[in-house]
Amino acid sequence: MENPGEPRWLDSDEREVWLTLVGVMTKLPGALDAQLQRDAGLSHFEYMVLAGLSEAPERTRRMSDLAGFTESGLPRLSQVVGRLEKRGWVSRCTDPTDGRITLATLTDEGLAKIADSAPGHVEAVRKLVFDPLTRAQSRQLGIIGKRIMGAVDPADRCLQGVARSQGSGHAESRRG
């Protein structure tokens with residue numbers, strides 16, 4: 001019987017799984033970022049901002065919704081959107097129905113940038129994540145990821161956006 005005051009230490013198998021997961025969480029974002037920087041001149045975060053807008057109706061989202069989609073705070077998002085605006089890929093305006101809300105819109109140039117960047121990004125995702133797995137392992141990874149996300153974020157805003165886009169036919173749902 002466990003002592004209620006004692007930590008629930010990981011056994012050796014759990015520790016190995018945990019350290020492997022930490023390695024993936026640490027190294028995969030850097031590998032994806034490096035590919036996008038090299039091939040598209042974008043950070044992974046900038047790509048996700050453009051992708052989030054490409055999925056939205058009329059390629060427009062509230063900045064607060066875009067922050068939820070990208071799992072970032074408004075100050076960081078605002079700074080990145082400002083850089084994307086300077087490149088002509090995003091525009092911002094005040095919501096005409098509620099002056100307290102700022103809307104971000106993907107421009108035609110931004111849509112072209114995400115369309116040009118997506119094939120290389122999807123190939124990197126495929127090479128790094130899906131090619132090493134069997135179909136069954138890929139399905140298992142999805143189930144496992146959803147269970148972990150359910151514990152981390154029961155509201156799971158990120159996956160809710162994915163579920164909506166899968167049925168919507170938006171371009172990003174095919175890009176990864």
When you measure from the side chain of [X] to the backbone of [Y], do you find a donor-acceptor pair of N or O atoms at a distance under 3.5 Å?
X: E14; Y: D11; result: yes
X: S117; Y: I114; result: no
X: S138; Y: F130; result: no

Once you round to the nearest 0.5 Å, how far does [atom1] of [X] lie from [atom2] of [Y]?
X: L42; Y: M48; atom1: CG; atom2: CE; result: 12.0 Å
X: F69; Y: L53; atom1: CZ; atom2: CG; result: 9.0 Å
X: F45; Y: E71; atom1: CZ; atom2: CD; result: 10.0 Å
X: L133; Y: Q140; atom1: CG; atom2: CD; result: 9.0 Å
X: L77; Y: L66; atom1: CG; atom2: CG; result: 4.5 Å
X: L21; Y: I148; atom1: CG; atom2: CD1; result: 5.5 Å

Close side-chain approach of D108 to R59, heavy-atom, < 4.5 Å
yes

Between R61 and E55, is the closest basic N to carboxylate O distance under 4.0 Å?
yes

Checking R87 against E46 for the salt bridge (Lys or Arg N to Asp or Glu O under 4.0 Å) test, could you report, in this order, the C-alpha distance in whole Å, the side-chain angles of both residues, the deciding distance, and whether it holds?
CA-CA 12 Å; R87 293 167 142 176; E46 290 168 331; 3.7 Å; yes

I need the full list of side chain to side chain donor-acceptor pair (under 3.5 Å) pairs touching residues 91-106, with sequence neighbours left out, sorted by first then second residue.
T60-T105, S78-R92, E85-R92, D95-T97, D98-R100

Are [X] and [Y] connected, step by step, through hydrophobic side chains (Ile, Leu, Val, Met, Phe, Trp, Tyr) whose heavy atoms are closer than 4.5 Å?
X: I144; Y: V17; result: no
X: W18; Y: W9; result: no
X: L111; Y: W89; result: yes
X: L74; Y: L50; result: yes
X: L141; Y: M25; result: no

Residue pairs passing the salt bridge (charged side-chain N to carboxylate O under 4.0 Å, His left out) test where at least one lies in residues 120-135, sequence neighbours excluded
none

Indicate every side-chain donor-acceptor pair of residues 26-34 with a distance under 3.5 Å to a residue at least two apart or in another chain.
{"unit_1": "T26", "atom_1": "OG1", "unit_2": "V22", "atom_2": "O", "d": "2.7"}
{"unit_1": "D33", "atom_1": "OD1", "unit_2": "H44", "atom_2": "N", "d": "2.6"}

Kindly check if the number of other-residue, nucleotide or ligand heavy atoms within 6.0 Å of CZ (R38) is above 12?
yes

Looking at E109, I want to see if its CD is surrounded by more than 12 non-hydrogen atoms of other residues, nucleotides or ligands under 6.0 Å.
yes

